[in-house]
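Down below is the structure, laid out as structure tokens.
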Amino acid sequence: MKPLGFDPGKFILNESHFDHQSLLHGINHTYRVMCHVMLLGEKLEWERETRLAFCAAFIHDMARKHDGYCSKHGLWSTENKLPVFAEFFMSQGANAYELEEIGTAVRNHSEGFELHKDHAFWKTTALLKDADALDRIRLGHGNLNVTYLRLDPTPTFIPLANDLYFSTSDILVKSFTNMLEIAKKNESNRT
């Protein structure tokens, strides 16, 4: 893996970060989405967008109030969690403009519309949304609809997403580094 310009091992989740304690949208889901961002971003060779989508994935579901359908939780995470983690994201290489990009990706991940491909923040947002979609496997058969995926390589990650979910569904993953190790082991078992 190429150097990322940030230290993913410093992105440590805690139950207290989440407004709604949830197995469906909590720590393991968030670490899986972060992992999908990193692996998909590496495949696309989008270093900058991967760093920003990784930050967005870290906070994307933190402000949820329930596990049901909700088009506002991205907005709430942008308003309430991004300010809390802005300094940390800046310590990992983000600048003020990129904080806006992170916020747009987080907000749009739960909205019922897509950014246009010409939008300056489309790549970061599409990367977060596809990474989040890959973990829809946890919701059962048929919940990951490939026609909604935005990025060409994303469907090739479905087998890995399936393996990663089933490898981590019954354990509490202690860190992102631990989740990435599990993903890499699953990936090497596939080749």
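Values below: all heavy atoms of this structure, side chains included; hydrogens, waters and symmetry mates excluded. Computed from a predicted structure; not experimentally measured.
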Discussion item. Tell me if a side-chain donor or acceptor on Ser167 pairs with a main-chain N or O of Leu164 at a distance below 3.5 Å.
Written reply: no
Worksheet item: Which atom names give the shortest non-hydrogen contact between Phe88 and Lys10, and what distance separates them?
Response: CZ-O, 3.4 Å
Response to the item:
When every non-hydrogen atom of Thr50 is compared with those of Glu42, the smallest separation belongs to OG1-N, 4.2 Å
Worksheet item: Can you list the residues that meet the side chain to side chain donor-acceptor pair (under 3.5 Å) rule with Asn145, with sequence neighbours excluded?
Response: Thr147
Practice prompt. Please report the C-alpha distance between Glu98 and Arg51 in whole Å, then the side-chain angles of each, then the deciding distance to 0.1 Å, and finally whether the salt bridge (Lys or Arg N to Asp or Glu O under 4.0 Å) criterion is met.
Written response: CA-CA 10 Å; Glu98 290 174 331; Arg51 177 174 43 85; 3.2 Å; yes
Item to complete: Give a yes or no answer on whether the side chain of Thr78 reaches the backbone of Gly103 with a donor-acceptor pair at less than 3.5 Å.
Response: yes
Discussion item. If you define the side chain from C-beta out and look only at heavy atoms, does anything of Ile27 sit under 4.5 Å from Phe18?
Written reply: yes
Worksheet item: Can you tell me how far the CG atom of Leu144 sits from the CG atom of Asn162, to the nearest 0.5 Å?
Response: 9.5 Å
Fill in: Contact check, side chains of Leu128 and Thr125, non-hydrogen atoms, under 4.5 Å
no
Discussion item. Taking side chain to side chain donor-acceptor pair (under 3.5 Å) as the definition, give me every residue that meets it alongside Asn14, ordered by chain and number, with sequence neighbours left out.
Written reply: Ser16
Worksheet entry | Qualifying residues under side chain to side chain donor-acceptor pair (under 3.5 Å), relative to Ser71, sequence neighbours excluded | none
Discussion item. A quick test of your reading: do over 12 heavy atoms of other residues, nucleotides or ligands sit less than 6.0 Å from CG of Asp152?
Written reply: no
Discussion item. Do Arg64 and Cys70 have side chains that approach each other closer than 4.5 Å (heavy atoms only, starting at C-beta)?
Written reply: yes
Worksheet item: Can you name the closest pair of heavy atoms from Leu52 and Ile102 and give their distance?
Response: O-CG1, 3.6 Å
Response to the item:
Contacts of Lys123 meeting salt bridge (charged side-chain N to carboxylate O under 4.0 Å, His left out) (sequence neighbours excluded), chain-then-number -> none
Worksheet item: Is the closest side-chain heavy-atom distance between Glu15 and Gln21 below 4.5 Å?
Response: yes
Worksheet item: Who passes salt bridge (charged side-chain N to carboxylate O under 4.0 Å, His left out) against Glu101, sequence neighbours left out?
Response: Arg48
Discussion item. Just to verify, what does Asp132 make a salt bridge (charged side-chain N to carboxylate O under 4.0 Å, His left out) with, not counting sequence neighbours?
Written reply: none
Fill in: Non-hydrogen side-chain atoms of Leu180 and Met38 separated by less than 4.5 Å
yes
Worksheet entry | Name of the residue among Asp61, Asp135, Thr30, Asp67 meeting side chain to side chain donor-acceptor pair (under 3.5 Å) with His25 | Asp67
Worksheet item: What is the distance from atom CG of Leu75 to atom CG of Asn80, rounded to the nearest 0.5 Å?
Response: 8.5 Å
Worksheet item: Rounded to the nearest 0.5 Å, how far does CG of Leu139 lie from OH of Tyr165?
Response: 8.0 Å
Worksheet item: Given side chains that start at C-beta, do those of Val106 and Leu82 come closer than 4.5 Å, heavy atoms only?
Response: no
Practice prompt. Give, for atom CG of Leu13 and atom CE of Met179, the distance between the pair rounded to the nearest 0.5 Å.
Written response: 9.5 Å
Worksheet entry | Residues in side-chain contact (heavy atoms from CB on, under 4.5 Å) contact with Thr177, at least two apart in sequence or another chain | Ser175, Glu181
Fill in: Least distance between heavy atoms, Ala131 atom then Val37 atom
CB-CG2, 3.4 Å
Considering only distance and modelled atom types, tabulate donor-acceptor pairs under 3.5 Å from the side chains of residues 112-121, sequence neighbours left out.
{"residue": "Glu114", "atom": "OE1", "partner": "Arg150", "partner atom": "NE", "Å": "2.9"}
{"residue": "Glu114", "atom": "OE2", "partner": "Lys129", "partner atom": "NZ", "Å": "3.2"}
{"residue": "Glu114", "atom": "OE2", "partner": "Arg150", "partner atom": "NE", "Å": "3.3"}
{"residue": "Glu114", "atom": "OE2", "partner": "Arg150", "partner atom": "NH2", "Å": "3.0"}
{"residue": "His116", "atom": "ND1", "partner": "Asp118", "partner atom": "N", "Å": "3.0"}
{"residue": "His119", "atom": "ND1", "partner": "Phe121", "partner atom": "N", "Å": "2.9"}

Worksheet, complete the sentence: Residues passing the side-chain contact (heavy atoms from CB on, under 4.5 Å) test with Ser110, sequence neighbours excluded, are His73
Item to complete: Could you tell me the separation between the CG atom of Asp163 and the NZ atom of Lys185, rounded to the nearest 0.5 Å?
Response: 11.5 Å
Worksheet item: Side chain of Asp130, backbone of Leu151: donor and acceptor closer than 3.5 Å?
Response: yes
Practice prompt. Not counting sequence neighbours, which residues clear side chain to side chain donor-acceptor pair (under 3.5 Å) with Ser77? List them please.
Written response: none
Worksheet item: Is there side-chain contact between Ile137 and Ile158, with at least one heavy-atom pair below 4.5 Å?
Response: yes
Discussion item. Going by salt bridge (Lys or Arg N to Asp or Glu O under 4.0 Å), name the pairs with one or both residues in residues 81-94, residues two or more places apart or in two chains.
Written reply: Asp19-Lys81
Discussion item. Given 3.5 Å as the limit, does a donor-acceptor pair link the side chain of Asn28 with the main chain of Ser169, or not?
Written reply: no
Discussion item. With heavy-atom distances below 4.5 Å as the criterion, would you say the side chains of Arg32 and Arg138 are in contact?
Written reply: yes
Worksheet item: What pairs of residues pass the ring pair (Phe, Tyr, Trp, His ring centres under 6.0 Å) test when at least one of them lies in residues 34-64, not counting sequence neighbours?
Response: Phe6-Phe54, Phe11-Phe54, Phe11-Phe58, His29-His60, Phe54-Phe176, Phe58-Phe85, His60-His109
